[in-house]
Amino acid sequence: MSTDRFDAELAAALRALPPQKPAESAWSAIAQALPQAKRERRLPVLAMAATVCGVTLIGAFMAGRQARLPSAEVAQAQSWLEVSQVLEQQVRHESEQATTLSGTQWMAEQDLTARLQSIDSDLQTARGVEADRLWQRRAETLDVLRNVYRGDIQPVRLSIN
Amino acid sequence: MTSAFQRELPSQSIRRAQSGERSAQETLYRQFESPVYTLALRVLANPDAARDVLQDTMLQAFTQLASLREISSVGFWLRRLTLNFALARLRSRERERALSEVEAHELVAEGDLANADNLAFNQALAQLPGLTRTVLWLYYVEGFTHTEIADQLGQSVSFSKSQLMRGGARLRTLLNTEVSTCLQTALMPS
């Protein structure tokens with residue numbers, strides 16, 4: 001079989017796979033969980049900040065923050081944790097102001113909160129330079145998210161590595 | 001090519017779901033249950049994990065739907081949400097351990113597959129690395145371009161292209177060796 005023909009048949013075979021459904025509908029579980037989920041609406045990831053390891057490398061922080069974040073907003077901060085906390089407050093404020101979002105804003109919010117959850121998950125176990133890199137990414141992501149709520153949407157690339 | 005997420009829904013129905021009307025939300029759920037679950041299953045090759053993603057996706061969608069102004073493309077937003085949740089889970093799982101061949105077979109055997117040909121084909125798919133399988137599915141079934149795949153995965157365009165080639169080559173090998181009879185049948189045009 002030639003490669004081209006194989007590719008075409010592979011595509012056809014993939015498309016021909018029947019749609020799947022869960023063995024049991026998830027609707028009742030979703031309907032039950034919805035009231036609680038709505039109470040926790042918006043940025044549940046941000047509540048994790050206090051529980052995430054607070055060990056930061058001040059030196060690396062001082063070197064990296066000026067280059068990557070608007071200095072005025074983090075001028076008083078002494079660690080990435082503090083930067084995160086400042087930005088979280090701003091994000092929370094902006095999200096409360098933005099009662100409705102455009103489709104682009106909405107999807108950016110989804111992407112960025114997913115990214116923050118991933119970073120926070122990694123921060124549970126990261127140490128040293130790796131932890132500092134993650135804290136920096138966390139602050140940068142919060143910075144972008146705050147701007148999304150303000151209507152300033154920049155292209156966002158999500159890394160799953 | 002039409003994605004299963006590309007569905008025309010009455011805007012009235014979506015508005016009712018946005019306002020929190022439970023029956024409208026259930027209707028929306030029923031419309032997208034299969035597309036969301038199928039995509040999650042293709043990324044994760046694990047029915048339990050796919051169901052978790054379905055639940056996470058729908059919960060997130062319903063809790064945040066009210067803030068959405070543009071409702072015409074709700075299907076594609078759900079697709080994006082599904083991919084975010086599925087990829088996060090894939091990443092977490094692959095960090096913990098590589099999916100062994102035995103596990104892949106076991107997981108696929110749990111699936112609700114229509115017949116033996118599909119079972120064999122799904123087994124071959126499940127043996128691919130998660131990202132490779134995801135690239136194949138997004139490219140061939142969801143109609144993503146390599147640029148869109150690269151953006152979604154946070155990788156380069158060349159990564160997407162190479163994964164597509166490797167995935168195809170790997171499946172080709174699997175077809176020709178391990179389960180050739182069933183898979184040749186699955187792939188042969190009727």
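Below, each value reflects all heavy atoms present in this structure, side chains not excepted, and no hydrogens, waters or symmetry copies. The chains referred to below are lettered A, B, ... by the order of the sequence lines, with proteins before strands, and numbering in each begins at 1.
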Original post:
Quick one: what part of B:Y29 sits under 4.5 Å from any heavy atom of chain A, side chain, backbone, both or neither?
Top reply: side chain
**OP:** Using the test ring pair (Phe, Tyr, Trp, His ring centres under 6.0 Å), find all partners of B:F144 that sit at least two apart in sequence or belong to another chain.
**Re:** none
Subject >> Structural part of A:A12 lying under 4.5 Å from a heavy atom of chain B >> reply: neither
Subject >> Segment of B:L125 engaging chain A (4.5 angstrom heavy-atom cut-off) >> reply: side chain
Subject >> chain B contact via A:E24 - side chain, backbone, both or neither, heavy atoms under 4.5 Å >> reply: both
Original post:
How close do B:S34 and A:Q20 get, heavy atom to heavy atom, and via which atoms?
Top reply: OG-O, 3.0 Å
Subject >> Where B:R133 and B:L44 come nearest, the two heavy atoms and their spacing >> reply: NH2-C, 3.7 Å
**OP:** Under the side chain to side chain contact (heavy atoms under 4.5 Å, CB included) rule, collect the residues that match up with A:A31, sequence neighbours excluded.
**Re:** A:W27, B:R22
